[in-house]
Number of protein chains: 2
Amino acid sequence: MAREKGLKGMESRERLLAAAAEEFANRGFHETKVSTIVKRAGLTQPAFYLYFPSKEAVFDELVNAFRTRLHALIGSSRFEAQVEAQDVPKRVRMAVETFFRFLEATPHLTRIGLFLAPKAEEIKKELIALIAFNLSAEQQAGYFRSDLSMKTVAECLVGIVERLTLSQLLPGIKSPESLASQVVDLLLYGMLSMKHTSA
Amino acid sequence: MAREKGLKGMESRERLLAAAAEEFANRGFHETKVSTIVKRAGLTQPAFYLYFPSKEAVFDELVNAFRTRLHALIGSSRFEAQVEAQDVPKRVRMAVETFFRFLEATPHLTRIGLFLAPKAEEIKKELIALIAFNLSAEQQAGYFRSDLSMKTVAECLVGIVERLTLSQLLPGIKSPESLASQVVDLLLYGMLSMKHTSA
DNA sequence: AAGTAACATTACTCGTGAGTAATATCTCAT
DNA sequence: ATGAGATATTACTCACGAGTAATGTTACTT
């Protein structure tokens, strides 16, 4: 009764998931046909329904996979205790870099969970709240200007990440490192040239 | 032969356009049914095809309407000649504010042209290039740090605008003015508190 | 008042694509 | 080697929604 059970099935299921992820990411939900997914996975239509109750169900599963990984990432990359002021830029840069790397690692899931899903707005709202919380702590500690709303800053940061992910990261034009350093440089120090700033 | 010709027809057409804009903005292209559009416009299905060759055609017309207005806006809001250094923040803030007001004025078109359309990425690319061009001029003039890529800054700015438009502007949570001043404050001066910056 | 565009309707077609019923094969435990 | 569950297939159904054919009505021009 307990053989190497379900191995083949799991493999088929995984193939379907991978094919679905790619199709959804490239064509969106409606343009993606179940018939195409199964073709890519080397199966036929009814096999699909052996593993998923509906087309929506696969999509949701992919969205949830993204959400779960995202939460895992955030959970593991909490800001640690007291930091020296000089270290703040580096720490922020590293955090942003880690995030870009995460997005780059699973491009299909990123496209689905961050841009295609109806839930995407909700997911980003969670993300923003978390970032705002972390930034507020740094602000309390005196590292950031006290007249800025960290909620707004978090929104801006996420907006920037979204934009750059779509136009630079996913197309492979720029690396997580270079994007992170440019973004953080801009956000921490601002655009104005020093002579005007330090006046 | 030349009566008050086409008046009724134009009105029906406008009603269809308006209904389509609202439906597309709220439900997206595929979830929007021609049957729903015509119902909202107080007409029946074939009347729709009296004015538009297809569902796609209305969508495209709305996207183009957005694009056209956007280009008009940009064309009219060119940066003028030499500005005093102290005026730069104000001018930038005004430009961003104008842009937010533009987006707020036609929320449905904004949603369609900036977020729903397949062409949206292309439209943003154009926009970014234009902003980058303007910012580069200011940079040449010494107002902005010379070590920043204005192309990247433009991308960041657009990313921020996208995000805030979706989460704050269109839902009516914040005004164009407050959003513009917060965004520009952040981008020009950065997040770091002064004691660290001026070190 | 009558002819003619313009504007609109009722009643269809028809492709597409999600999902299913019935059936077949493969693989392992006994 | 055989029965049983797991894995897959062939051959459908069926709803939905875009687009159309045929026809009717309105309103203005002469």
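The analysis underlying the following values was restricted to heavy atoms, covering all of them including side chains, and did not include hydrogens, waters or symmetry mates. Chain A is the first sequence line, chain B the second, and so forth, proteins listed ahead of strands; every chain is numbered from 1.
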Rounding to a whole Å, what distance do you find between [X]:[atom1] and [N]:[atom2]?
{"X": "A/Gln45", "N": "D/dC14", "atom1": "CD", "atom2": "C1'", "result": "14 Å"}
{"X": "B/Met10", "N": "C/dA5", "atom1": "CE", "atom2": "C1'", "result": "17 Å"}
{"X": "A/Leu50", "N": "C/dA21", "atom1": "CG", "atom2": "P", "result": "14 Å"}
{"X": "B/Arg15", "N": "C/dA8", "atom1": "CZ", "atom2": "P", "result": "7 Å"}
{"X": "B/Leu16", "N": "C/dC7", "atom1": "CG", "atom2": "P", "result": "12 Å"}
{"X": "B/His30", "N": "D/dA18", "atom1": "NE2", "atom2": "P", "result": "10 Å"}
{"X": "B/Ile37", "N": "D/dA18", "atom1": "CD1", "atom2": "P", "result": "8 Å"}
{"X": "A/Phe52", "N": "D/dT7", "atom1": "CZ", "atom2": "P", "result": "13 Å"}

Exercise for the section: Would you please classify the geometry between the A/Phe24 ring and the A/Phe29 ring as parallel, tilted or perpendicular, with 30° and 60° separating the classes? Expected result: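 A/Phe29 and A/Phe24: parallel rings.
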
Counting only side-chain heavy atoms from C-beta out, which of [options] sits nearest to [X]?
{"X": "A/Tyr49", "options": "D/dA18, C/dA18, D/dA11", "answer": "C/dA18"}
{"X": "A/Lys55", "options": "C/dA18, C/dA8, D/dT10", "answer": "C/dA18"}
{"X": "A/Thr44", "options": "C/dT9, D/dT9, D/dA18", "answer": "D/dT9"}
{"X": "A/Lys33", "options": "D/dA8, C/dG17, C/dG19", "answer": "C/dG17"}
{"X": "B/Lys8", "options": "C/dT9, C/dC7, D/dA18", "answer": "C/dC7"}

Handout entry: Full working for salt bridge (charged side-chain N to carboxylate O under 4.0 Å, His left out) between B/Arg101 and B/Glu97
Key = CA-CA 6 Å; B/Arg101 261 199 276 266; B/Glu97 199 174 304; 2.8 Å; yes

Exercise for the section: Could you grab the distance from atom CG of B/Leu127 to atom CD1 of B/Ile123, nearest 0.5 Å is fine? Expected result: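 B/Leu127 atom CG to B/Ile123 atom CD1 measures 9.5 Å (nearest 0.5 Å).
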
Handout entry: Pair B/Glu121-A/Arg163, salt bridge (charged side-chain N to carboxylate O under 4.0 Å, His left out): steps then yes or no
Key = CA-CA 10 Å; B/Glu121 277 305 301; A/Arg163 178 82 262 126; 2.6 Å; yes

Practice task
Assign A/Thr36 to base, sugar-phosphate, or nothing according to its heavy-atom contacts below 4.0 angstrom with the strands shown.
Solution key: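 Touches nothing.
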
Problem - A/Ser12 side chain near D/dA8 phosphate (N/O to OP1/OP2, under 4.0 Å) - result: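 Looking at the OP1 and OP2 atoms of D/dA8, one of them is under 4.0 Å from a side-chain N or O of A/Ser12.
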
Handout entry: Residues B/Glu126, B/Arg67; criterion salt bridge (charged side-chain N to carboxylate O under 4.0 Å, His left out); working and verdict
Key = CA-CA 10 Å; B/Glu126 292 171 11; B/Arg67 199 186 203 139; 2.5 Å; yes

